[in-house]
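Okay, structure first, notes after.
The shown structure was predicted, so the numbers you read here are calculated from the model rather than taken from an experiment. Numbered from 1 within each chain, the chains take letters A, B, ... in sequence-line order.
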Amino acid sequence: MKEALKEQVTTVMARIPEGRVTTYGTIARMTEGATARSVGYVLRTLPAGHDLPWFRIVRSGGVLADHGGADDQRRRLQDEGIVFDERGRIPARFFWP
DNA sequence: GACTTGACCACGG
DNA sequence: ACCGTGGCCAAGT
């Protein structure tokens, strides 16, 4: 496991503002040496019940990534005021940065 | 070491 | 707008 990668990804993740989302690729570009795929890998391996806002990370294009917690993710984002359009995508105005 | 598997992405047709 | 395709990289077999 690459600890440096995990640390960088979680650091960026922790500063996503409430009520906004960001993408795997954006996080990858904000870090050194991470790629979109490796960001997904880190999220998958995070322990359950951690305090990081993993649910604010979506795919490029505003669609939720395909994983077991997607339903929870959608609920939690809606609780923060994020809106999904008729095709299930999050409009660009919710993206951070 | 070779090959497969993902919470991915950009791009061309 | 909807597919392929190739690139990506850490882990697991």
Report task. For Met13(A) and Leu43(A), run side-chain contact (heavy atoms from CB on, under 4.5 Å): C-alpha distance rounded to whole Å, both residues' side-chain angles, the deciding distance at 0.1 Å, then the answer. Result -> CA-CA 10 Å; Met13(A) 194 181 350; Leu43(A) 263 60; 3.9 Å; yes
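- For Glu32(A), the side-chain contact (heavy atoms from CB on, under 4.5 Å) partners are Gln8(A), not counting sequence neighbours.
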Could you list all N or O pairs between the protein and nucleotides 2-4 of chain C that sit under 3.5 Å apart?
none

Requested in this report: Give the B/S/- string for nucleotides 7-13 of chain C, one per nucleotide from 5' to 3', where a protein heavy atom under 4.0 Å of the base yields B, of only the sugar-phosphate yields S, and otherwise -.
Outcome: BBBSS--
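- Applying the side-chain hydrogen bond (donor to acceptor under 3.5 Å, both in side chains) criterion to Thr31(A), with sequence neighbours excluded, gives no partner residue.
- Considering only heavy atoms from C-beta on, Leu77(A) comes within 4.5 Å of Phe84(A) through its side chain.
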Please tabulate, for the side chains in residues 52-66 of chain A, all donor-acceptor contacts under 3.5 angstrom to protein atoms that are two or more places apart in sequence or on a different chain.
from     : atom 1 : to       : atom 2 : distance (Å)
Arg56(A) : NE     : Glu80(A) : OE1    : 3.1
Arg56(A) : NE     : Glu80(A) : OE2    : 3.2
Arg56(A) : NH1    : Ile16(A) : O      : 3.1
Arg56(A) : NH2    : Glu80(A) : OE2    : 2.6

Report task. Could you walk me through whether Thr10(A) and Leu46(A) pass the side-chain contact (heavy atoms from CB on, under 4.5 Å) test, one step at a time? Result -> CA-CA 9 Å; Thr10(A) 53; Leu46(A) 286 174; 4.2 Å; yes
Query raised in the report: Checking side-chain contact (heavy atoms from CB on, under 4.5 Å) for the pair Trp96(A)/Val21(A): CA distance, chi angles, key distance, verdict?
Result: CA-CA 6 Å; Trp96(A) 176 83; Val21(A) 296; over 6 Å; no
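- The P atoms of dA7(B) and dG6(C) are separated by 22 Å, rounded to the nearest whole Å.
- In plain terms, the two heavy atoms of Ala28(A) and Ala36(A) that are nearest each other are CB-N, 3.5 Å.
- For residues 68-77 of chain A, the pairs satisfying side-chain hydrogen bond (donor to acceptor under 3.5 Å, both in side chains) are His67(A)-Gln73(A), Asp72(A)-Arg75(A), with sequence neighbours left out.
- Screening residues 34-43 of chain A for side-chain hydrogen bond (donor to acceptor under 3.5 Å, both in side chains), with sequence neighbours left out, gives Thr35(A)-Ser38(A).
- Where DNA chain B meets chain A (any atom under 4.0 Å from a heavy atom), the bounding nucleotides read 5' to 3' are dG6(B) to dA10(B).
- Among pairs with a residue in residues 81-94 of chain A, those fulfilling side-chain hydrogen bond (donor to acceptor under 3.5 Å, both in side chains) read Asp85(A)-Arg89(A), at least two apart in sequence or across chains.
- Residue pairs meeting the salt bridge (Lys or Arg N to Asp or Glu O under 4.0 Å) criterion with at least one member in residues 6-18 of chain A: none, sequence neighbours excluded.
- Counting heavy atoms from C-beta outward, Arg29(A) and Val12(A) have side chains that stay 4.5 Å or more apart.
- Minimum heavy-atom separation, Ile82(A) to Gly19(A): CG1-O, 3.6 Å.
- Contacts with DNA chain C (heavy atom under 4.0 Å) in residues 61-82 of chain A: none are found.
- Within residues 90-97 of chain A, no residue is approached by DNA chain B to less than 4.0 Å at the level of any non-hydrogen atom.
- We find the CZ-CD1 distance between Phe95(A) and Ile90(A) to be 6.0 Å, quoted to the nearest 0.5 Å.
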